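Written out below as structure tokens is the structure these notes cover.
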Amino acid sequence: MRLLVAPDYTALSEAAAELVLNALHAKPNLTLGLPTGETPIGMYNALVRRYRAEHLDFSQVRTFNLDEYLGVGLAHPNSYHSYMRERFFDHVNIPMVNQHIPDGSPGIDAAVECEKYESAIRDNGGIDLLIAGIGANGHIAFNEPGSPLDSRTRAVDLSPETIANAGRSFHDKSAVPRRAITMGVASILEARRILLLASGAHKADAVRRALDGPVAESAPASALQLHPRVIVLVDEAARGA
Ligand code: PGA
């Protein structure tokens, strides 16, 4: 794994956007794996800003998000569908038909949805560049500690820590999801390149375990050590001492 340390969150966000745009320049019909959460917000802002300023063309780009809450409708303000529209898709020219996010709507047959999602990635020819965050508990996408390294896209229970984090942004606390659909660890490792982003001192321990710890299901992001082309882009705080 290649470690890049940015001085702060702004620099990390700009560097992440630069890596994405370099990949797009090399391959206009790039397929991206995309994260949600706090960490990538600056990267999406930078991408939108540069898309406008540099008159970039994303019309051939295809995207697959890493995860979505289960039991949350697509139009719910806290769904990852809403997040992606607000942060990115509403502002660039990626055709809607090229945008993929698991559907976690109430009543969905999650097993069918997960199988469809894996097929869609396969039929697309795989993911060129997958961008992911890391949880303070070491999760990658919603592969919580204990997730099998050979796991595929599936419905999972969220950890108490993840539920508590999600709860901070849900106005209606009774609506905080307990489950999600996530790409599996093995699905993530099939991407041709991976960019892991981490910002803040609360991520330092998880980053250290991902980079230097044993590859273990107790620290799902450590599985990235098994991949030949991973960049870990962190800010000074997430790098730790
Ligand atoms: P965050 O989440 O960017 O909101 O910290 C990252 C993650 O949990 O994967």
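All figures in this text were calculated on a predicted structure; none of them were measured in a lab. What's counted below: heavy atoms across the whole structure, side chains too, no hydrogens, waters or symmetry copies. Read the numbers this way: they start at 1 and go in the same order the structure lists the ligands and their atoms.
Donor-acceptor pairing under 3.5 Å is lacking for the side chains of Arg50 and Asn45. In this model, a donor atom of one side chain and an acceptor atom of the other lie less than 3.5 Å apart for Ser79 and Ser82. Side chains of Glu118 and Ser187: a donor-acceptor N/O pair is present below 3.5 angstrom, by distance only.
Side-chain atoms of Arg62 and Asn29, non-hydrogen and from C-beta on, do get closer than 4.5 Å to each other.
With His76 as the partner, the ring pair (Phe, Tyr, Trp, His ring centres under 6.0 Å) test is satisfied by one option alone out of Phe170, Tyr83, Tyr69: Phe170.
Annotation: ligand 1 has protein neighbours Gly37, Glu38, Thr39, Gly133, Ile134, Gly135, His139, Lys203, each with a heavy atom less than 4.0 angstrom from the ligand.
Cluster annotation: Leu195 and Val207 are assigned to distinct hydrophobic clusters (Ile/Leu/Val/Met/Phe/Trp/Tyr, side-chain heavy-atom contacts under 4.5 Å, transitive).
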